[in-house]
Amino acid sequence: MCVLFAFVLLLQNLHLMATADKLILSILMFRHGDRSATRDIPNDIYTAADSWPQGPGQLSKLGAENHLRTGKFFRARYTDPSSPAYLGLDPDFKRAEVYLRSTDMDRTLMSAESFLSGFFPVRAGSNQTSPLDVWQPVAVHTVPNAVEYMLLGVPYPCRALFEESHRETVMNNAEFLSFMRNKTATTKKIVEVCGWDDTPDFLATFSVIKSTYDTLFCEKSHNFTLKKEFVETHLFDLVKPYADLGWQHFNIMTDQEKALSGGVLLRELKTRVRAAIERTDEYKLIIFSAHDGTLASILTCLGVYDGVQTPYATVLAVEVWEREEGGHVIKLIRHHQHVDLISYTLPGCEEAGCEEEQFYRLNSHLEVSEEDLVRKCTGSRSDWVPSLHKNAIVALLCLTVLVALGTGMASFMVMK
């Protein structure tokens, strides 16, 4: 009787395995891990160049550990045959199955490598007689930041255009203006304590105060002893509301601003999803290593951004599931260390996910090709312009980068 019962259970399990929906593609987009500060506070006792082992904006040991753990998490989710989200990936890296692209910055490249160390830890069946038996080299693709139009949030060549538009958007926002008027005394105090230039430009002041929060956050996270005056004035608590409001500004962006910051990535996601469903692409796992601004931009374009900065090593996953009864469903989930997976309900879709056509239609007016964005950002400020000669595009890119490097507001929307 017991043998018969066990046999029945086995048949039931085999039936469930045979009829369950099947995951055919996952696109992971993540923020780099913990890093050093990127900008100095004028009156601080620390400088990013001298006070951090690798200098400003660099991945820390903790940041590498962040993504090592994240890689292990997704390895268990996608390579374990007993996992409901088993992708059928080979335990060894196969270039036909996995593609990874990073922005051209040390912290994102090193985060990608750390993630891969967790995802592809040891060659299957190796006897560990060679150094390569305990490490699998995996290709990480990148392009120069000057021509990175997909993963930087606001691309370098588009920053002047974005700042011109977003300045008008923010300066006409009643919540922002009310915030700054109510914080007049606090703003003055912060500027004096930090040593920032006193300027009547609300937005310029707001931007440097936001960067103050980031620097203090990095120092506190790494147990730096903060400057006595910073502690006595509760500087960290004073600047945090400015940073919080800054992230909420993604939700007041115009459609043009959304397209500039996330339109190329939105188009890329839909292209990759369609290719997987139509079997025109062999990739099962696509990974993008980027920044908090990147994640905020794509969540904004998808219509589900909550206006809160994404923590280090946050991962967004677009998963494409093939239904047993036919058709496909696309799901968006989020993973962060020590936090259960969060599922998003995308606009116009069911809680269980989006049907194919629902996903393709989702905010399609925000999609933009990289070629069109190049023309938009290096040509006319108000209209799409005809194709430019390649040499002219390169020259205009260089000029735009030089101009953009002199601006400050758009820097908060990217590469943090």
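These numbers come from the heavy atoms of this one structure, side chains and all, not from hydrogens, waters or symmetry mates.
- Taking OH of Y242 as the reference point, atom CD1 of I209 lies at 4.5 Å (rounded to 0.5 Å).
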_side chain to side chain contact (heavy atoms under 4.5 Å, CB included) evaluation trace for F119 with V98_ = CA-CA 11 Å; F119 199 94; V98 180; 5.6 Å; no
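- Between atom OG1 of residue T212 and atom CG of residue N43 there is a gap of 10.5 Å, rounded to the nearest 0.5 Å.
- Judged by the 6.0 Å distance and 45° axis criteria, R274 is positioned over the aromatic ring of Y360.
- Between the side chains of E257 and S165, at least one donor N or O lies within less than 3.5 Å of an accepting N or O.
- Under the 4.0 Å criterion applied to side-chain N and carboxylate O atoms, E356 and R323 are not assigned as salt-bridge partners.
- No side-chain heavy atom of D104 sits less than 4.5 Å from a side-chain heavy atom of E148.
- Between the S261 side chain and the K258 main chain, a donor and an acceptor come within less than 3.5 Å of each other.
- One finds no salt bridge joining K284 and D90 here, because no Lys/Arg side-chain nitrogen approaches an Asp/Glu carboxylate oxygen to under 4.0 Å.
- Heavy atoms from other residues, nucleotides or ligands lying under 6.0 Å from CG of N172 number more than 12.
- Proximity of a side-chain donor or acceptor of Q136 to a complementary backbone N or O of F93 within less than 3.5 Å is detected.
- In this structure a side-chain-to-backbone donor-acceptor pair under 3.5 Å is missing from S83 to T79.
- The side-chain heavy atoms of F176 and I252, taken from C-beta on, include no pair separated by under 4.5 Å.
- Between S102 atom OG and R107 atom CZ the span is 10.0 Å, to the nearest 0.5 Å.
- Ring pair F250/Y305 is perpendicular by interplanar angle, where above 60° counts as perpendicular and below 30° as parallel.
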*Is there a side chain to side chain contact (heavy atoms under 4.5 Å, CB included) between Y344 and L316 once you walk through the steps?*
CA-CA 10 Å; Y344 290 92; L316 298 177; 4.1 Å; yes
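- In summary, the side chains of T199 and D197 do not present any donor paired with an acceptor at a separation below 3.5 Å, with no hydrogens or angles considered.
- Put simply, the side chain of S207 never gets that close to the backbone of L203: no donor and acceptor are under 3.5 Å apart.
- R35 pairs with exactly one of N66, D106, D214 by the side-chain hydrogen bond (donor to acceptor under 3.5 Å, both in side chains) rule, that one being D214.
- With values rounded to the nearest 0.5 angstrom, L260 atom CG is found 7.0 Å from K376 atom NZ.
- In terms of heavy atoms, S36 sits closest to G57 at OG-N, 2.9 Å.
- A donor-acceptor contact shorter than 3.5 Å links the side chain of T233 to the backbone of E229.
- By the neighbour-count criterion of 12 heavy atoms within 6.0 Å, atom CD of E278 is densely surrounded, having more than that number from other residues, nucleotides or ligands.
- Between H67 and F30, the ring planes are tilted. Angles from 30° to 60° get that label.
- Distance CG/L341 to CD1/I333: 5.0 Å, rounded to 0.5 Å.
- Nearest approach of L59 to S111, heavy atoms of both residues: CD1-OG, 3.3 Å.
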*Can M253 and T169 be said to form a side chain to side chain contact (heavy atoms under 4.5 Å, CB included), step by step?*
CA-CA 7 Å; M253 290 197 299; T169 300; 5.8 Å; no
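- In this structure the side chain of L302 never reaches within 4.5 angstrom of the side chain of N363, judged on heavy atoms.
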*Decide yes or no on salt bridge (Lys or Arg N to Asp or Glu O under 4.0 Å) for E371 and R267, but give the supporting numbers first.*
CA-CA 12 Å; E371 294 75 16; R267 181 186 175 96; over 6 Å; no
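- Smallest separation of non-hydrogen atoms from R75 and G118: CD-O, 3.6 Å.
- Under the 3.5 Å distance criterion, the side-chain polar atoms of S178 are left unmatched by any main-chain donor or acceptor of E175.
- Residues I27 and F288 share a closest heavy-atom pair of CG2-CE1, 3.8 Å.
- Under the 4.5 Å side-chain criterion, counting only non-hydrogen atoms from C-beta, L100 is not in contact with V138.
- With T215 contributing its side chain and R39 its backbone, the two residues share a donor-acceptor pair below 3.5 Å.
- With contacts defined as side-chain heavy-atom distances shorter than 4.5 Å, the pair D44/E219 qualifies.
- For the pair V140/L116, a side-chain contact is recorded, criterion being any heavy-atom separation below 4.5 Å from C-beta on.
- The two residues L28 and F115 come nearest to each other via the heavy atoms CD1-CZ, 3.6 Å.
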*Step by step, work out the ring-ring contact (aromatic ring centres under 6.0 Å, His included) result for Y46 and H222.*
CA-CA 13 Å; Y46 304 108; H222 288 263; over 10 Å; no
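- K270 NZ: more than 12 foreign heavy atoms inside a 6.0 Å radius.
- In this structure, S60 and W52 have side chains that are not in contact, with every pair of non-hydrogen atoms separated by 4.5 Å or more.
- Under the 30°/60° scheme for interplanar angles, the aromatic rings of F217 and F236 are found to lie parallel.
- Residues G88 and E97 share a closest heavy-atom pair of O-OE2, 4.1 Å.
- With a 4.5 Å cut-off on side-chain heavy atoms, M29 and L269 count as touching.
- Using cut-offs of 30° and 60° on the angle between ring planes, the pair H335 and F73 is parallel.
- Put simply, CZ on R159 and CG on L152 are 6.5 Å apart, with the number rounded to the nearest 0.5 Å.
- Surrounding NZ of K94 are more than 12 heavy atoms belonging to other residues, nucleotides or ligands, all under 6.0 Å away.
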*Assess whether side chain to side chain contact (heavy atoms under 4.5 Å, CB included) is satisfied between I342 and H336, documenting all intermediate values.*
CA-CA 9 Å; I342 298 171; H336 181 59; over 6 Å; no
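- At a threshold of 4.0 Å, the pair E319-K331 does not count as salt-bridged, since none of the basic side-chain nitrogens sits closer than that to a carboxylate oxygen.
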